[in-house]
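Worksheet: one structure, shown below.
Everything quoted here is computed from the prediction, not taken from an experiment. Sequential numbering from 1 along the given sequence is applied to the chain's residues.
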Amino acid sequence: MSGVIPPAQPPPEPPHHELVHPLSLWRWRHNPLYRCTDRLQGRIALALLLLVPLLGLGAMFLTGDAAHRHYRAAAEHHRQTLHRTTAVLTHDAPDHPEPGSAEARENRYPATVRFIDPNGRTRTAETGVLPGLNAGSSVHVWVDADGAIAEPPMSAAQIRSRTMGWALVAFLTVTLAGAAAYRCAAVVLRRRNLAEWDTEWAETAPRWTTSP
């Protein structure tokens with residue numbers, strides 16, 4: 001219809017609405033269609049590509065160091081507050097389907113044991129023992145100040161494993177935060193591009209229409 005401004009058509013979306021690769025934005029810097037927002041998005045992407053690995057490594061080191069000190073202090077505290085004593089099985093422990101296997105040596109089955117607590121009282125409780133132990137066999141247990149069986153202090157391998165786990169979580173958190181920041185910036189710049197496109201189209205479209 002003459003004199004009616006046709007609606008603005010936004011620039012085409014990337015295929016499947018996927019994020020534009022940051023390096024592709026950097027390659028477009030000499031393209032005449034390259035907009036200021038594209039240049040800004042490319043700089044944001046480049047900054048994140050440089051900062052995220054550095055920040056991730058820093059977070060991984062700081063978190064790992066804090067976790068290692070925490071777990072080491074907790075293990076030392078448990079060694080000082082818990083009492084290691086010898087207990088005796090009151091009945092045979094269940095046997096493993098594959099006696100002598102590596103899996104059998106790692107498994108623990110619940111069994112009732114009798115031991116003397118730090119106050120000199122004879123007590124019975126349930127704890128995990130190796131499969132196949134006969135009644136009367138001796139096992140070592142850790143007992144707290146109240147005479148209850150407690151988990152043993154963490155070993156060096158357990159401390160190392162948990163420390164590495166927290167360090168990895170810290171690195172992944174920084175990486176995901178960087179990806180989310182880039183995504184938010186891309187969405188904001190995309191909306192700004194559409195708004196500018198509408199404004200420019202409203203100024204340009206009347207020149208393409210003809211009077212009746």
Could you pull out every donor-acceptor pair under 3.5 Å between side chains of residues 164-173 and any protein atom, sequence neighbours left out?
unit_1: Trp166; atom_1: NE1; unit_2: Tyr71; atom_2: OH; d: 2.9
unit_1: Thr173; atom_1: OG1; unit_2: Val169; atom_2: O; d: 2.7

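- Residues satisfying the side chain to side chain contact (heavy atoms under 4.5 Å, CB included) criterion with Phe61, sequence neighbours excluded, are absent altogether.
- In this structure, Leu176 shares a hydrophobic cluster with no other residue, the cluster being traced through Ile, Leu, Val, Met, Phe, Trp and Tyr side chains under 4.5 angstrom apart.
- Taken to the nearest 0.5 Å, the CZ atom of Arg123 stands 5.5 Å off from the CZ atom of Phe115.
- In this structure, Gly64 and Thr163 approach most closely via the heavy-atom pair O-CG2, 3.1 Å.
- Within 6.0 Å of the CD atom in Gln158, the count of heavy atoms belonging to other residues, nucleotides or ligands exceeds 12.
- With sequence neighbours excluded, no residue satisfies salt bridge (charged side-chain N to carboxylate O under 4.0 Å, His left out) with Arg160.
- Judged as a salt bridge (Lys or Arg N to Asp or Glu O under 4.0 Å), the pairs with a partner in residues 53-70 (not counting sequence neighbours) are, in order, Asp65-Arg69.
- Atoms CG and CG, on Asp95 and Leu130 in that order, are 11.0 Å from each other to the nearest 0.5 Å.
- Taking both residues in full, the closest heavy atoms of Val143 and Pro118 are given as CG1-CD, 3.9 Å, listed atom of the first, atom of the second, then distance.
- Pairs of residues two or more places apart, or lying in two chains, never qualify as side-chain hydrogen bond (donor to acceptor under 3.5 Å, both in side chains) while including a residue from residues 47-62.
- Atom NE2 of residue His78 and atom CE of residue Met154 lie 7.0 Å apart, to the nearest 0.5 angstrom.
- The hydrophobic cluster around Val188 extends to none of the other residues, as no ILVMFWY side-chain heavy atom falls under 4.5 Å of it.
- Atom CD1 of Ile44 sits about 12.0 Å away from atom CG of Leu51, to the nearest 0.5 Å.
- Taking Glu76 as the reference, Arg79 meet the salt bridge (charged side-chain N to carboxylate O under 4.0 Å, His left out) condition, with sequence neighbours excluded.
- Remark: Asp144 pairs with no residue by the salt bridge (charged side-chain N to carboxylate O under 4.0 Å, His left out) rule, at least two apart or across chains.
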Please set out all donor-acceptor pairs under 3.5 angstrom arising from side-chain atoms of residues 84-92, sequence neighbours excluded.
unit_1: Thr90; atom_1: OG1; unit_2: Thr112; atom_2: O; d: 3.1
unit_1: His91; atom_1: NE2; unit_2: Thr112; atom_2: N; d: 3.4
unit_1: Asp92; atom_1: OD1; unit_2: Ala135; atom_2: N; d: 2.6

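- Between Ala186 and Gln41, the closest heavy-atom pair is CB-NE2, 3.6 Å.
- The distance from the CD1 atom of Ile149 to the OG1 atom of Thr124 is 9.0 Å, given to the nearest 0.5 Å.
- Both Tyr182 and Leu189 are assigned to one and the same hydrophobic cluster, defined by single-linkage of ILVMFWY side chains at heavy-atom distances under 4.5 Å.
- Every residue was checked against the side-chain hydrogen bond (donor to acceptor under 3.5 Å, both in side chains) condition with Arg191, not counting sequence neighbours, and none meets it.
- For Asn119 (side chain) and Arg121 (main-chain N/O), no donor-acceptor pair under 3.5 Å exists by modelled atom type.
- The line from CZ of Arg72 to CD1 of Ile159 is 8.0 Å long, rounded to the nearest 0.5 Å.
- In this structure, Arg162 has no salt bridge (charged side-chain N to carboxylate O under 4.0 Å, His left out) partners at least two apart in sequence or on a different chain.
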